[in-house]
Every structure is written in structure tokens, then in C-alpha cells.
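Below is one structure; the comments refer to it alone.
We number each residue from 1, following the sequence as shown.
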Amino acid sequence: MRRFSRLAVLLGGVSGEREVSLRSGQRVMASLKRQGYQVVGIDPIDEDWLDRLRTTAVEGVFLALHGKGYEDGTVQGTLENIGLPYTGSGILASALGMNKIMAKRVFQAMEIPTPAYLPINLELDLDQQCEEAIEQIGFPLVVKPTSEGSSLGVSIVYQAEKLRWTVEKNRDFQENLFEQYIQGKEITVGLLGIGSQLRALPVLELIPQNKFYDYEAKYTEGMTQFVVPARLSETVNQMAQSIALRAHLALGCHGYSRVDMIIDATEQPFVTEVNTLPGLTELSDLPAQAEAAGISYDQLIAEILEST
Ligand SMILES: Nc1ncnc2c1ncn2[C@@H]1O[C@H](COP(=O)(O)OP(=O)(O)O)[C@@H](O)[C@H]1O
Ligand SMILES: [Mg+2]
């Protein structure tokens, strides 16, 4: 028995990831229509989006939004207030997933491996903080914003002379952190399902042509090679999937998510972040991981919808 017949797909929005979201949303809408749902697309860039959502008599919302304001619990709170069920994680897990420092505090409490870090306080002595980071973590050092995406503001620093300048450069981001650089294989693991159905999808390996998976490598076709299933020993593969599952549960994620990790030279995976609304475009990681598990795009969308 289907719980819904009329659905809204929220897509677009005003975040830095608007274009990706539009592509995710178009594809989700086409899939839901194929599956017999009545679907209306609503874009929060329009001033009257909330009025439209309230007056179109939909029974639920499929979130195809990404980024700030949408992946951080904000839109989830709005939907809770108007009493509409929505796909994916709730307010708290979304907020934790979007904040790299808070997520790390949870990972550490739950003994989930994550690179060492130090929060940066732009109001306090920066030279002193740089020295502490060099002493406690050492080079190379990653400097990154706490709540961004798409690799915006992520730098890898190799020398003391460049550290303070790199931090200054990130002043426009509300909050930043120093992080231990992990040299190794970059992988991402999709999680799908609720309750006893929750499982890790096949691991996907990313091989960027650039020095790291930066903005250009993410959004220029041909700049990154995707390998699924990843070339890992069975032991490491299982370890990565089990850590991803623990990270998903530690933050309290719901329905689906995608956990990014780096595996170092000793084959230890480190969680760098949990994406609570991963991309659903034709080129996105999660649909490719699902396909490798024999789950078609329509089946993936149906299962995400069932989890609302
Ligand atoms: N600690 C790290 N060690 C090595 N590479 C890193 C580290 N942190 C980030 N990177 C590189 O930067 C990319 C973006 O960083 P990430 O923390 O995932 O931020 P975003 O939320 O912008 O995707 C990663 O995919 C990876 O290539
Ligand atoms: Mg990332």
C-alpha cells in the first residue's frame, strides 16, 4: 500500500549547489512520474514557495535540495512546522552532518576514526593557533570551512610560511578548522534503508586528476575517475562499509546518506564527512553505488521515499 499519491519535489534553491540540485530534482521528478505519482516541482528560490507547498495539497515532500539552508536542518524544521513528511534525515542529523566540527565530536565519542583537528577561532591570536596546529598535527595541514561543500575553501598547506595566509583567506567563511592531512585512497560509501533494511552499498573509489578532489575535479567531466566497486581487499572493504554504517547511525541519519572517507597507507579508513542529502543526478555517486548493488534508479528513489 502506497502512503502517498501526490508529492512535491523541492529542487534548486539559493545555495551554492543550486545547479546540481536542479539536475537531481529533474531526475527525481521523472522517476516519480514513471512510478505513477502526481508530482509538483517547487523551487525555494521563488518567494511564494512555502505558500505553494501549503496550498497544492501534497502529502509528502521529496528533498532534492543540497547545501546550506537545505542540508543543515533548516528546511527540515520548516517542513516539521507545517506537518509535511519529508525524505532523508531529520533536523539534528542534518545539522550535525553539515558541521564538520560537531560531526567530529560525535565521531570521537563513538570511536569512529576521523582525522585529527583543531577548530580555528578567527577572533583569537592566529599565529598562536597556527603554531599549535603545527605542533599537535604537523604538515601537511588541511585548512577548511566547518560548514561548506563542493570543496569550497579547502586548502592543503605544506609550509609554515603559508599557513597564516591560508587561514586569513578563509575569513569569509563563518568558521574553519585545521585538519590532519591523510595521504591515500579517497572513497565514498552510500547507506540506504531504515531499521533492519539499513545497509551499506558497494564502495566507490574516486581518483581525481588534480592533487585532491577539489571543485574542478568534482564538476568537470573527465577530471575524476570513478571505480565501483572500489579496488580494496575484502577486509578493508568490509571495514569501510562498517565504519560508514556506524557514522550514519552516530549522527542519527535516516533513510539514506553518503559517507566520505580516506584510506591511509596502513589501510585505515578515516571519515571526513557525512552527506545527508547526496546528489541524485545522472553522474552522482549514490545512484552509481546503488546500480552496482543491482538497485535501479527508480528502485532507489522508491526506497528513499518509503523511508519518510
Ligand atoms: N584530511 C584530509 N586529508 C586529505 N585530503 C582531504 C582532507 N580533507 C579534505 N580533503 C580533500 O578535500 C576534499 C573536500 O574536502 P571535504 O572535507 O570533503 O569538504 P566538502 O564538504 O567541501 O566536500 C576531499 O574530497 C579530499 O579530496
Ligand atoms: Mg566532501
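Tyr297 and Glu282 share no side-chain donor-acceptor pair at under 3.5 Å. A donor-acceptor contact closer than 3.5 angstrom is absent between the side chains of Gln299 and Glu303. With no hydrogens or angles considered, a side-chain donor-acceptor pair links Ser150 and Tyr219 at under 3.5 Å. A side-chain N or O of Asp298 and one of Ser31 form a donor-acceptor pair less than 3.5 Å apart.
When the side chains of ILVMFWY residues are joined at heavy-atom separations under 4.5 Å, either directly or via intervening members, Leu65 and Leu96 end up in two distinct hydrophobic clusters. Placement of Leu204 and Val271 in two distinct hydrophobic clusters is found when ILVMFWY residues are connected by side-chain heavy-atom separations under 4.5 Å, directly or transitively. Hydrophobic clustering (ILVMFWY, side-chain heavy atoms < 4.5 Å, transitive): Ile301 and Tyr86 are in one cluster. Grouping the Ile, Leu, Val, Met, Phe, Trp and Tyr side chains by contacts below 4.5 angstrom, directly or via other members, places Leu191 with Leu249. Note: the hydrophobic cluster containing Leu7 also contains Leu300 (ILVMFWY, side chain heavy atoms under 4.5 Å, direct or indirect links).
Across all non-hydrogen atoms, the minimal contact from Arg246 to Glu111 is NH2-O, 2.8 Å. Closest approach of Gly153 to Pro145, counting heavy atoms only: O-CD, 3.4 Å. Between Leu305 and Thr87, the closest heavy-atom pair is CA-CG2, 4.0 Å. What you find for Ser15 and His66 is that their closest heavy atoms are OG-O, 2.7 Å. Taking every heavy atom of both residues into account, Leu22 and Gly12 meet most closely at CD2-CA, 3.6 Å.
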Next item on the list: Show the numbers, then the answer: is there a salt bridge (charged side-chain N to carboxylate O under 4.0 Å, His left out) between Glu168 and Arg164?
Entry: CA-CA 6 Å; Glu168 292 278 3; Arg164 173 159 182 149; 2.6 Å; yes

Note to self: For a side chain to side chain donor-acceptor pair (under 3.5 Å) check, start with the C-alpha distance between Ser24 and Ser21, then their side-chain angles and the critical distance, and finish with the verdict.
What the structure shows: CA-CA 5 Å; Ser24 287; Ser21 166; over 6 Å; no

Next item on the list: Could you walk me through whether Arg3 and Glu59 pass the salt bridge (charged side-chain N to carboxylate O under 4.0 Å, His left out) test, one step at a time?
Entry: CA-CA 8 Å; Arg3 289 163 60 206; Glu59 297 148 341; over 6 Å; no

Notebook entry, point to check: What do the steps show when you test Glu179 against Lys100 for salt bridge (charged side-chain N to carboxylate O under 4.0 Å, His left out), and what is the final call?
Noted result: CA-CA 10 Å; Glu179 191 175 57; Lys100 294 194 169 83; over 6 Å; no

Check: Stepwise, does the side chain to side chain donor-acceptor pair (under 3.5 Å) test hold for Gln76 with Glu80?
Finding: CA-CA 6 Å; Gln76 288 78 3; Glu80 300 254 344; over 6 Å; no

Next item on the list: Check step by step if side-chain contact (heavy atoms from CB on, under 4.5 Å) holds for Leu277 and Tyr256.
Entry: CA-CA 8 Å; Leu277 288 178; Tyr256 71 121; 3.4 Å; yes

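Atom CG of Leu122 sits about 7.5 Å away from atom CD of Gln129, to the nearest 0.5 Å. Note that OH of Tyr181 and OG of Ser155 are 13.0 Å apart. Values are rounded to the nearest 0.5 Å.
The main-chain N or O of Arg52 is never found under 3.5 Å from a side-chain atom of Asp48 such that the two would form a donor-acceptor pair. Between the side chain of Arg258 and the backbone N or O of Thr188 there is no donor-acceptor pair closer than 3.5 Å. Looking at Asp43, its side chain does come within 3.5 Å of a backbone N or O of Gly13 through a donor-acceptor pair. The main-chain N or O of Leu201 is found under 3.5 Å from a side-chain atom of Gln241 such that the two form a donor-acceptor pair. Here the side chain of Ser151 pairs a donor or acceptor atom with the backbone of Tyr213 at under 3.5 angstrom.
A salt bridge links Lys68 with Glu148; the closest basic N to acidic carboxylate O contact falls under 4.0 Å.
By the neighbour-count criterion of 12 heavy atoms within 6.0 Å, atom CD of Glu47 is sparsely surrounded, having that number or fewer from other residues, nucleotides or ligands.
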